[in-house]
2 protein chains.
Amino acid sequence: MPPVATTTPTGGGPRVLAHPSRDAIRLEDVLHALADPVRLSIVRVLADAEGECSCSVFDAPVSKSTLTHHFRVLREHGVITQTYRGTAKMNALRREDLADLFPGLLDTVLAAARRQEAAGLSAGAGAAAAGATSPS
Amino acid sequence: MPPVATTTPTGGGPRVLAHPSRDAIRLEDVLHALADPVRLSIVRVLADAEGECSCSVFDAPVSKSTLTHHFRVLREHGVITQTYRGTAKMNALRREDLADLFPGLLDTVLAAARRQEAAGLSAGAGAAAAGATSPS
DNA sequence: GCAGAACTACGATGGTCCTCGTACATCGGA
DNA sequence: TCCGATGTACGAGGACCATCGTAGTTCTGC
(Lines give C-alpha, C1' and ligand atoms only; values in the text may rest on other atoms or scores of the structure.)
Protein backbone atom coordinates (compact mmCIF):
# COMPACT_ATOMS: atom_id res chain seq x y z
CA MET A 1 0.00 0.00 0.00
CA PRO A 2 2.38 2.64 -1.12
CA PRO A 3 0.93 6.12 -1.07
CA VAL A 4 0.52 6.44 -4.79
CA ALA A 5 1.12 9.97 -5.89
CA THR A 6 -2.19 11.10 -7.26
CA THR A 7 -0.82 13.22 -10.01
CA THR A 8 -4.01 15.10 -10.68
CA PRO A 9 -2.71 18.37 -12.07
CA THR A 10 -5.88 20.28 -12.73
CA GLY A 11 -8.74 19.86 -10.35
CA GLY A 12 -11.01 18.68 -13.12
CA GLY A 13 -11.38 15.31 -14.73
CA PRO A 14 -8.77 12.78 -13.76
CA ARG A 15 -7.57 12.04 -17.23
CA VAL A 16 -4.08 11.41 -15.97
CA LEU A 17 -3.60 8.25 -13.98
CA ALA A 18 -1.39 8.01 -10.94
CA HIS A 19 1.61 5.73 -11.09
CA PRO A 20 4.15 5.16 -8.37
CA SER A 21 7.60 6.39 -9.17
CA ARG A 22 10.16 3.75 -9.88
CA ASP A 23 11.83 4.13 -6.50
CA ALA A 24 8.49 3.76 -4.74
CA ILE A 25 7.91 0.27 -6.06
CA ARG A 26 8.19 -2.26 -3.25
CA LEU A 27 9.02 -5.89 -3.69
CA GLU A 28 6.29 -7.01 -1.32
CA ASP A 29 3.73 -5.06 -3.31
CA VAL A 30 4.87 -6.56 -6.57
CA LEU A 31 4.74 -10.05 -5.15
CA HIS A 32 1.33 -9.39 -3.69
CA ALA A 33 0.10 -8.06 -7.00
CA LEU A 34 1.39 -11.16 -8.73
CA ALA A 35 -0.02 -13.53 -6.14
CA ASP A 36 -3.57 -13.23 -7.41
CA PRO A 37 -4.54 -15.63 -10.22
CA VAL A 38 -6.51 -13.02 -12.11
CA ARG A 39 -3.74 -10.49 -11.97
CA LEU A 40 -1.13 -13.04 -12.84
CA SER A 41 -3.05 -13.99 -15.95
CA ILE A 42 -3.33 -10.33 -16.87
CA VAL A 43 0.39 -9.92 -16.54
CA ARG A 44 0.94 -12.99 -18.65
CA VAL A 45 -1.24 -11.68 -21.43
CA LEU A 46 0.51 -8.35 -21.23
CA ALA A 47 3.87 -10.04 -21.41
CA ASP A 48 2.88 -12.03 -24.46
CA ALA A 49 1.45 -8.93 -26.11
CA GLU A 50 4.87 -7.29 -25.90
CA GLY A 51 3.21 -3.91 -25.94
CA GLU A 52 0.07 -2.07 -25.08
CA CYS A 53 -3.37 -3.56 -25.13
CA SER A 54 -6.72 -2.38 -23.96
CA CYS A 55 -8.58 -3.57 -20.93
CA SER A 56 -11.24 -5.33 -22.96
CA VAL A 57 -9.07 -8.05 -24.46
CA PHE A 58 -8.98 -10.00 -21.22
CA ASP A 59 -11.47 -12.74 -20.67
CA ALA A 60 -11.00 -13.38 -17.00
CA PRO A 61 -13.94 -15.05 -15.27
CA VAL A 62 -14.78 -11.92 -13.32
CA SER A 63 -16.95 -8.92 -13.85
CA LYS A 64 -15.78 -5.73 -15.46
CA SER A 65 -15.68 -3.90 -12.16
CA THR A 66 -13.43 -6.52 -10.68
CA LEU A 67 -11.17 -6.39 -13.68
CA THR A 68 -10.86 -2.64 -13.29
CA HIS A 69 -9.98 -3.18 -9.67
CA HIS A 70 -7.23 -5.62 -10.55
CA PHE A 71 -5.82 -3.31 -13.15
CA ARG A 72 -5.71 -0.57 -10.61
CA VAL A 73 -3.92 -2.78 -8.12
CA LEU A 74 -1.35 -3.66 -10.74
CA ARG A 75 -0.87 -0.03 -11.61
CA GLU A 76 -0.70 1.25 -8.05
CA HIS A 77 1.79 -1.45 -7.15
CA GLY A 78 4.05 -0.51 -10.02
CA VAL A 79 3.57 -3.54 -12.23
CA ILE A 80 1.89 -1.87 -15.20
CA THR A 81 1.31 1.54 -16.70
CA GLN A 82 -2.04 2.70 -17.94
CA THR A 83 -2.72 5.52 -20.38
CA TYR A 84 -5.91 6.78 -21.89
CA ARG A 85 -6.21 6.48 -25.62
CA GLY A 86 -9.60 7.74 -26.65
CA THR A 87 -12.26 5.68 -25.00
CA ALA A 88 -9.87 2.83 -24.45
CA LYS A 89 -7.19 2.52 -21.82
CA MET A 90 -3.95 0.97 -22.83
CA ASN A 91 -1.98 -1.24 -20.45
CA ALA A 92 1.66 -2.10 -20.58
CA LEU A 93 4.08 -3.86 -18.30
CA ARG A 94 6.75 -1.75 -16.62
CA ARG A 95 9.38 -4.14 -17.81
CA GLU A 96 12.25 -1.69 -17.64
CA ASP A 97 11.50 -0.41 -14.18
CA LEU A 98 10.97 -3.87 -12.79
CA ALA A 99 14.02 -5.28 -14.52
CA ASP A 100 16.05 -2.44 -13.10
CA LEU A 101 14.74 -2.78 -9.56
CA PHE A 102 14.44 -6.56 -9.38
CA PRO A 103 16.49 -8.10 -12.16
CA GLY A 104 14.99 -11.23 -13.56
CA LEU A 105 12.02 -11.25 -11.24
CA LEU A 106 9.34 -10.70 -13.83
CA ASP A 107 10.78 -13.16 -16.31
CA THR A 108 11.24 -15.76 -13.63
CA VAL A 109 7.69 -15.43 -12.39
CA LEU A 110 6.32 -15.55 -15.92
CA ALA A 111 8.36 -18.62 -16.70
CA ALA A 112 7.15 -20.23 -13.50
CA ALA A 113 3.54 -19.44 -14.40
CA ARG A 114 3.93 -21.01 -17.82
CA ARG A 115 5.63 -24.00 -16.33
CA GLN A 116 2.91 -24.49 -13.78
CA GLU A 117 0.19 -24.19 -16.36
CA ALA A 118 1.90 -26.74 -18.56
CA ALA A 119 2.22 -29.12 -15.64
CA GLY A 120 -1.34 -28.53 -14.59
CA LEU A 121 -2.73 -29.28 -18.00
CA SER A 122 -1.24 -32.73 -17.99
CA ALA A 123 -1.94 -33.45 -14.35
CA GLY A 124 -5.67 -33.00 -14.65
CA ALA A 125 -7.88 -30.13 -13.64
CA GLY A 126 -9.00 -31.34 -10.24
CA ALA A 127 -6.70 -29.31 -8.07
CA ALA A 128 -7.69 -31.38 -5.08
CA ALA A 129 -6.29 -34.48 -6.71
CA ALA A 130 -2.69 -33.66 -5.90
CA GLY A 131 -3.44 -32.95 -2.30
CA ALA A 132 -3.26 -36.64 -1.50
CA THR A 133 -4.84 -36.07 1.92
CA SER A 134 -3.67 -39.53 2.77
CA PRO A 135 -6.38 -41.27 4.71
CA SER A 136 -4.36 -43.07 7.33
CA MET B 1 -5.26 -22.43 0.31
CA PRO B 2 -4.08 -25.79 -0.92
CA PRO B 3 -5.59 -28.75 0.86
CA VAL B 4 -2.59 -29.60 2.91
CA ALA B 5 -2.42 -33.26 3.57
CA THR B 6 -2.99 -33.60 7.26
CA THR B 7 -0.70 -36.52 7.71
CA THR B 8 -1.74 -37.32 11.23
CA PRO B 9 -1.02 -41.03 11.40
CA THR B 10 -2.07 -41.92 14.90
CA GLY B 11 -4.93 -40.10 16.42
CA GLY B 12 -2.76 -38.89 19.25
CA GLY B 13 -0.27 -36.08 19.39
CA PRO B 14 0.49 -34.51 16.04
CA ARG B 15 4.21 -34.92 16.19
CA VAL B 16 4.40 -35.16 12.42
CA LEU B 17 3.78 -31.97 10.54
CA ALA B 18 1.85 -31.78 7.31
CA HIS B 19 3.65 -30.59 4.23
CA PRO B 20 2.24 -30.24 0.76
CA SER B 21 3.68 -32.60 -1.78
CA ARG B 22 5.94 -31.06 -4.32
CA ASP B 23 3.35 -31.19 -7.05
CA ALA B 24 0.80 -29.48 -4.84
CA ILE B 25 2.88 -26.33 -4.51
CA ARG B 26 1.21 -23.50 -6.36
CA LEU B 27 2.99 -20.46 -7.68
CA GLU B 28 0.33 -18.09 -6.38
CA ASP B 29 0.70 -19.54 -2.91
CA VAL B 30 4.45 -19.18 -2.95
CA LEU B 31 4.19 -15.59 -4.11
CA HIS B 32 1.58 -14.89 -1.49
CA ALA B 33 3.76 -16.43 1.18
CA LEU B 34 6.67 -14.31 0.07
CA ALA B 35 4.61 -11.12 -0.16
CA ASP B 36 4.54 -10.60 3.59
CA PRO B 37 7.47 -8.66 5.05
CA VAL B 38 7.72 -10.88 8.11
CA ARG B 39 7.72 -14.05 6.07
CA LEU B 40 10.12 -12.63 3.55
CA SER B 41 12.56 -11.81 6.30
CA ILE B 42 12.17 -15.32 7.67
CA VAL B 43 12.96 -16.76 4.28
CA ARG B 44 15.96 -14.51 3.98
CA VAL B 45 17.35 -15.65 7.31
CA LEU B 46 16.72 -19.25 6.33
CA ALA B 47 18.48 -18.73 3.03
CA ASP B 48 21.49 -17.22 4.73
CA ALA B 49 21.56 -20.01 7.26
CA GLU B 50 21.95 -22.53 4.46
CA GLY B 51 20.43 -25.18 6.64
CA GLU B 52 18.09 -25.76 9.50
CA CYS B 53 17.47 -23.36 12.31
CA SER B 54 15.00 -23.22 15.11
CA CYS B 55 12.03 -20.90 15.33
CA SER B 56 13.50 -18.90 18.17
CA VAL B 57 16.39 -17.35 16.30
CA PHE B 58 14.14 -14.86 14.54
CA ASP B 59 13.68 -11.43 16.01
CA ALA B 60 10.74 -10.21 14.00
CA PRO B 61 8.73 -7.42 15.63
CA VAL B 62 5.74 -9.68 16.21
CA SER B 63 4.57 -11.90 18.99
CA LYS B 64 5.39 -15.55 19.24
CA SER B 65 1.94 -16.60 18.17
CA THR B 66 2.19 -14.52 15.05
CA LEU B 67 5.58 -15.96 14.26
CA THR B 68 4.18 -19.44 14.57
CA HIS B 69 1.38 -18.45 12.25
CA HIS B 70 3.82 -17.19 9.62
CA PHE B 71 5.88 -20.33 9.86
CA ARG B 72 2.82 -22.38 9.32
CA VAL B 73 1.85 -20.34 6.27
CA LEU B 74 5.29 -20.84 4.83
CA ARG B 75 5.11 -24.55 5.48
CA GLU B 76 1.58 -25.05 4.19
CA HIS B 77 2.42 -23.12 1.06
CA GLY B 78 5.43 -25.27 0.36
CA VAL B 79 8.18 -22.77 1.04
CA ILE B 80 9.77 -24.44 4.06
CA THR B 81 9.89 -27.74 5.85
CA GLN B 82 9.57 -28.10 9.59
CA THR B 83 10.65 -30.99 11.71
CA TYR B 84 10.60 -31.55 15.42
CA ARG B 85 13.93 -31.95 17.13
CA GLY B 86 13.39 -32.29 20.82
CA THR B 87 11.73 -29.17 22.14
CA ALA B 88 12.87 -27.17 19.18
CA LYS B 89 11.46 -27.19 15.69
CA MET B 90 13.85 -26.93 12.82
CA ASN B 91 13.04 -24.98 9.70
CA ALA B 92 14.61 -25.30 6.30
CA LEU B 93 13.88 -23.92 2.88
CA ARG B 94 12.58 -26.32 0.27
CA ARG B 95 15.23 -25.15 -2.12
CA GLU B 96 15.24 -28.25 -4.25
CA ASP B 97 11.51 -28.48 -4.70
CA LEU B 98 11.16 -24.81 -5.45
CA ALA B 99 14.11 -24.79 -7.81
CA ASP B 100 12.62 -27.75 -9.60
CA LEU B 101 9.14 -26.29 -9.87
CA PHE B 102 10.03 -22.66 -10.43
CA PRO B 103 13.65 -22.42 -11.52
CA GLY B 104 15.38 -19.34 -10.26
CA LEU B 105 12.36 -17.95 -8.49
CA LEU B 106 13.65 -18.19 -4.96
CA ASP B 107 17.08 -16.83 -5.79
CA THR B 108 15.60 -13.99 -7.78
CA VAL B 109 13.26 -12.97 -5.01
CA LEU B 110 16.01 -13.18 -2.44
CA ALA B 111 18.30 -11.09 -4.59
CA ALA B 112 15.51 -8.58 -5.09
CA ALA B 113 14.93 -8.40 -1.35
CA ARG B 114 18.59 -7.75 -0.68
CA ARG B 115 18.70 -5.17 -3.41
CA GLN B 116 15.68 -3.36 -2.05
CA GLU B 117 17.03 -3.35 1.46
CA ALA B 118 20.31 -1.93 0.27
CA ALA B 119 18.52 0.78 -1.67
CA GLY B 120 16.20 1.52 1.20
CA LEU B 121 19.01 2.02 3.66
CA SER B 122 20.48 4.81 1.59
CA ALA B 123 17.20 6.35 0.50
CA GLY B 124 16.01 7.17 3.99
CA ALA B 125 13.06 5.86 5.87
CA GLY B 126 10.41 8.52 5.23
CA ALA B 127 8.25 6.53 2.86
CA ALA B 128 5.55 9.14 3.01
CA ALA B 129 7.76 11.66 1.25
CA ALA B 130 6.73 10.57 -2.23
CA GLY B 131 3.13 10.13 -1.32
CA ALA B 132 1.67 13.61 -1.70
CA THR B 133 -1.83 12.07 -1.75
CA SER B 134 -3.21 15.31 -3.05
CA PRO B 135 -6.80 15.60 -1.88
CA SER B 136 -8.63 16.67 -4.98
C1' DG C 1 -27.04 17.13 -29.71
C1' DC C 2 -27.52 12.28 -29.02
C1' DA C 3 -26.60 7.26 -28.76
C1' DG C 4 -23.30 3.98 -27.86
C1' DA C 5 -18.84 2.20 -26.27
C1' DA C 6 -15.24 1.84 -22.77
C1' DC C 7 -14.20 2.35 -18.38
C1' DT C 8 -14.47 4.22 -13.44
C1' DA C 9 -16.38 5.28 -8.79
C1' DC C 10 -19.11 4.04 -5.14
C1' DG C 11 -21.16 1.19 -1.77
C1' DA C 12 -22.01 -3.38 0.01
C1' DT C 13 -20.89 -8.09 1.16
C1' DG C 14 -18.48 -12.00 2.36
C1' DG C 15 -14.16 -13.87 3.00
C1' DT C 16 -9.29 -13.96 4.26
C1' DC C 17 -5.38 -12.23 6.61
C1' DC C 18 -2.42 -10.34 10.48
C1' DT C 19 -2.06 -9.69 15.09
C1' DC C 20 -2.43 -10.78 19.75
C1' DG C 21 -3.20 -12.92 24.50
C1' DT C 22 -4.03 -16.88 26.97
C1' DA C 23 -4.15 -21.64 27.82
C1' DC C 24 -2.18 -26.04 26.66
C1' DA C 25 1.11 -29.72 25.05
C1' DT C 26 5.66 -31.73 24.52
C1' DC C 27 10.48 -32.43 25.65
C1' DG C 28 14.87 -32.25 28.40
C1' DG C 29 16.96 -31.99 32.67
C1' DA C 30 17.39 -31.43 37.92
C1' DT D 1 8.52 -36.17 39.60
C1' DC D 2 8.44 -31.45 38.79
C1' DC D 3 10.14 -27.22 36.32
C1' DG D 4 11.50 -24.46 32.60
C1' DA D 5 11.90 -23.95 27.68
C1' DT D 6 9.89 -24.19 23.24
C1' DG D 7 6.22 -24.02 20.49
C1' DT D 8 0.96 -24.84 19.34
C1' DA D 9 -4.08 -24.21 19.40
C1' DC D 10 -7.85 -21.43 19.99
C1' DG D 11 -10.58 -17.46 19.92
C1' DA D 12 -11.12 -12.62 19.00
C1' DG D 13 -10.52 -8.19 16.96
C1' DG D 14 -9.40 -5.18 13.33
C1' DA D 15 -7.90 -4.46 8.78
C1' DC D 16 -7.64 -5.60 4.16
C1' DC D 17 -9.17 -7.84 -0.13
C1' DA D 18 -11.95 -9.79 -4.00
C1' DT D 19 -16.27 -9.62 -5.96
C1' DC D 20 -20.35 -7.63 -7.65
C1' DG D 21 -24.12 -4.37 -9.35
C1' DT D 22 -25.39 0.12 -10.38
C1' DA D 23 -24.75 4.76 -11.63
C1' DG D 24 -21.80 8.08 -13.71
C1' DT D 25 -17.98 10.00 -16.75
C1' DT D 26 -15.37 10.56 -20.94
C1' DC D 27 -14.74 9.93 -25.78
C1' DT D 28 -16.24 8.66 -30.74
C1' DG D 29 -19.36 8.88 -34.49
C1' DC D 30 -23.71 10.16 -36.67
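Computed from a predicted structure; not experimentally measured. All values below come from the heavy atoms of this structure, side chains included, with hydrogens, waters and symmetry mates left out. Numbered from 1 within each chain, the chains take letters A, B, ... in sequence-line order.
Residue A:Arg39 places at least one side-chain N or O under 4.0 Å from the OP1 or OP2 atom of D:dA18. Not one side-chain nitrogen or oxygen of B:Thr87 sits closer than 4.0 Å to the OP1 or OP2 atom of C:dC27. Applying the 4.0 Å criterion to OP1 and OP2 of D:dC20, one finds that A:Thr66 has a side-chain N or O inside that range. An OP1 or OP2 oxygen of D:dT6 is reached within less than 4.0 angstrom by no side-chain nitrogen or oxygen of B:Arg85.
Of the candidates C:dC18, C:dC20, D:dG7, the closest approach to any side-chain atom of B:Ser63 belongs to C:dC20.
Here C:dT16 presents its P atom at 14 Å from CD of B:Glu76, a figure rounded to the nearest Å. The CG atom of A:Asp29 sits 13 Å away from the P atom of D:dC16 (whole-angstrom rounding). With rounding to whole Å, A:Arg75 atom CZ is found 13 Å from C:dC7 atom P. The separation between A:Asn91 atom CG and C:dC7 atom C1' is 11 Å, rounded to whole Å. Remark: P of D:dT26 and CG of A:Leu17 are 13 Å apart, rounded to the nearest angstrom. B:His69 places its NE2 atom 13 Å from the C1' atom of D:dA15, with the value rounded to the nearest Å. When the C1' atom of C:dC27 is taken as reference, atom CE of B:Met90 falls 13 Å away, rounded to whole Å. Taking atom CZ of residue B:Arg72 and atom P of nucleotide D:dA9, one finds them 5 Å apart after rounding to whole Å.
Only one option out of A:Arg114, A:Arg44, A:Arg95 pairs with A:Asp107 in a salt bridge (Lys or Arg N to Asp or Glu O under 4.0 Å); it is A:Arg95.
No more than 12 heavy atoms of other residues, nucleotides or ligands sit less than 6.0 Å from atom CZ of B:Arg72.
Proximity of a side-chain donor or acceptor of A:Arg39 to a complementary backbone N or O of A:Ala33 within less than 3.5 Å is detected. Looking at B:Arg94, its side chain never comes within 3.5 Å of a backbone N or O of B:Thr81 through a donor-acceptor pair.
If you find the closest nucleotide of DNA chain C to A:Ser65 and to B:His70, the one lying nearer the 5' end belongs to A:Ser65.
For residues 58-68 of chain B, no pair satisfies salt bridge (Lys or Arg N to Asp or Glu O under 4.0 Å), with sequence neighbours left out.
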